[in-house]
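In each ligand, atom 1 is the first atom listed, and ligand 1 is the first ligand listed. These figures come from a predicted structure and were not determined experimentally.
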Amino acid sequence: MPARILTSTPENLELAAAALRRGDVVGIPTETVYGLAGLAFDERALARVFAAKDRPTFDPLIVHVARDVSSSSYSRFDWLEFLSESNLVAPERFGPLAVERVRLLTTLWPGPLTLVLPKQPNMPDLATSGLDTVAIRAPRHAIAQALLRAVGQPLVAPSANRFGRISPTSARDVQAELGDRIELILDGGPCDIGLESTVVHVAESGQVTLLRPGAVTSDALQGLIGARVQSPAAGNLATTTPAQRSPGMLASHYAPIKPLYLLPAPLAGMSGEQVSRLQSMLGHRTGVGVVLYTGSPADALTGLPACFWSTSETQPVARVLTSKGDAAEAAFNLFRTLRELDAHPQVQVILVEPVPDESGLGHAIADRLRRASSSK
Ligand code: TXA
Ligand code: MG
């Protein structure tokens with residue numbers, strides 16, 4: 001029986017909450033991507049999450065929390081105190097600068113920002129892969145919040161895809177990824193953002209390091225804390241390799257099954273040499289899917305080097321990420337476009353134009369494309 005997709009009625013929300021309280025796993029919507037939720041303090045549920053995803057246990061999970069609506073007003077709500085009382089974070093390990101910065105960063109909650117903070121020793125090692133830190137996020141999606149409140153406990157929720165594959169941005173995507181392994185998926189519509197959250201490490205000293213770019217940009221973080229945000233290479237984290245610090249930084253991740261090549265330049269701007277290099281790399285492969293950053297699909301077909309027409313028995317399939325050249329729209333469309341071409345019977349190889357501007361959200365889009373690319 002494939003997983004049931006539940007519309008988010010109050011009855012279905014209670015059904016999903018009851019399944020989670022029993023230790024089952026459930027596909028849930030968030031504003032970034034869909035997650036596979038399970039109780040954060042239940043070893044059995046954690047094991048189920050790893051098994052359903054084929055996820056290696058060295059890759060730690062994000063714990064999701066929601067603030068209790070009955071507590072004081074939003075502006076006075078102290079997330080750090082809440083995380084400490086919830087047996088998640090150990091703020092006593094923080095110096096005053098770290099405390100101040102976590103207070104500033106949590107003003108962005110609920111939202112697409114994950115904070116990696118010192119954990120309390122009672123947190124299951126499986127959730128954190130034995131690290132002495134825990135990743136935490138308060139999602140903004142109303143259904144995710146309602147579910148967290150109904151369950152009454154923190155939930156882990158990695159993206160609801162098989163390990164290394166493209167994150168799901170709709171309930172149907174979750175069904176395609178994990179439908180034969182889980183029973184319930186709560187439908188909250190397409191994800192507003194479409195890219196996974198920004199992950200940031202806050203050291204005990206207060207130093208802030210960006211581990212995964214996302215919708216909360218480095219500039220926004222720097223503006224908020226009034227200090228530089230480190231890149232991981234310059235980071236001073238306790239663990240050894242960057243991949244161990246945040247396995248989401250593994251070079252190959254978020255990848256389709258079909259080969260994906262990131263073009264060296266926009267189609268229209270490729271030099272003769274770049275075209276012939278691409279041609280020899282692709283050989284006689286037919287069935288080309290092209291993803292333009294902006295423009296119209298007709299541009300892609302006319303801009304495509306003639307070789308793809310002469311060798312292709314089938315017409316190339318062209319898709320556009322944003323007709324308006326808007327990075328938020330491109331992010332929203334990225335994963336579902338890759339997923340669609342990955343499943344398209346006429347497509348054997350996917351070519352993607354580079355992101356024209358890697359500042360702001362363009363940084364996160366370019367990061368995901370580099371990791372999805374087969375040509376590293
Ligand atoms: O937007 C998101 O963050 C989604 C939605 C469902 O909330 N979740 C998500 O989870 O993307 P996941 O498991 O696919 O990615 C979590 C990332 C991984 O790169 C993991 O290595 C990193 O967070 N991470 C988790 N705990 C960590 C820790 N203690 N230290 C460093 N990195 C950590
Ligand atoms: Mg993931």
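Those atoms of ligand 1 with a heavy atom of Ala135 less than 4.0 angstrom away are 25 (C), 26 (N), 27 (C). In summary, the atoms of ligand 1 found under 4.0 Å from a heavy atom of Gly35, numbered by their order in the structure, are 6 (C). Interface of Leu61 with ligand 1, defined as ligand atoms under 4.0 Å from a residue heavy atom, comprises 25 (C), 26 (N). Close approach of ligand 1 to Ser159 is summarised as follows: ligand atoms under 4.0 Å from at least one heavy atom of the residue are 8 (N), 9 (C), 10 (O), 12 (P), 14 (O). Taking every heavy atom of Leu131 and a limit of under 4.0 angstrom, the matching atoms of ligand 1 come to 28 (C), 29 (N), 30 (N). The distance from ligand 1 to the heavy atoms of Asp59 drops below 4.0 Å at these ligand atoms: 18 (C), 20 (C), 21 (O). Which parts of ligand 1 touch Glu196 is read off a 4.0 Å heavy-atom cut-off, strictly below it: atoms 1 (O), 11 (O).
One N or O on the side chain of Thr198 and one on the backbone of Gly214 form a donor-acceptor pair closer than 3.5 Å. Although no hydrogens or angles enter the test, the distance criterion places no donor-acceptor pair under 3.5 Å between the side chain of Gln348 and the main chain of Val288. For the pair Ser129 (side chain) and Leu131 (backbone), a donor-acceptor distance under 3.5 Å is absent. Side chain of Thr106 to main chain of Val102: a donor-acceptor pair is present (N/O by atom type, distance under 3.5 Å, no hydrogens or angles).
When non-hydrogen atoms are compared, ligand 1 lies under 4.0 Å from the backbone of Thr133 as well as from its side chain. Contacts with ligand 1 closer than 4.0 Å are made by no heavy atom of His201, backbone or side chain.
By the 4.0 Å heavy-atom criterion, Ala157 is counted among the residues contacting ligand 1. Ligand 1 lies out of reach of Thr128, whose nearest heavy atom is not under 4.0 Å from it. Under a 4.0 angstrom heavy-atom cut-off, His64 registers as being in contact with ligand 1. The closest approach between Arg55 and ligand 1 falls below 4.0 Å for a heavy atom of the residue.
Glu273 and Arg277 are joined by a salt bridge, as a carboxylate oxygen and a charged side-chain nitrogen come within less than 4.0 angstrom of each other. Arg4 and Asp187 are not joined by a salt bridge, as no carboxylate oxygen comes within less than 4.0 angstrom of a charged side-chain nitrogen. In this structure, Arg370 pairs ionically with Glu358, as a charged nitrogen and a carboxylate oxygen lie closer than 4.0 Å. A salt bridge between Asp24 and Arg44 is absent, with no side-chain N of the basic residue lying under 4.0 Å from a carboxylate O of the acidic one.
At least one N, O or S atom of Ser159, from either the backbone or the side chain, sits less than 2.8 Å from the Mg ion (ligand 2).
Taking CD1 of Ile136 as the start and CG of Leu115 as the end, the distance is 8.0 Å to the nearest 0.5 Å. Atom CG of Leu97 sits about 13.0 Å away from atom CD of Glu204, to the nearest 0.5 Å.
For a threshold of 3.5 Å applied to N or O pairs, the pair formed by Tyr34 and ligand 1 contains no separation below that value. For the pair Thr30 and ligand 1, the shortest N or O to N or O distance does not fall below 3.5 Å. Between Ser197 and ligand 1, an N or O atom pair is found at a separation short of 3.5 Å.
The option with the heavy atom closest to atom 10 (O) of ligand 1, from among Cys191, Pro158, Ala215, is Pro158.
Classification of the Phe77-Phe82 ring pair by plane angle, with boundaries at 30° and 60°, yields tilted.
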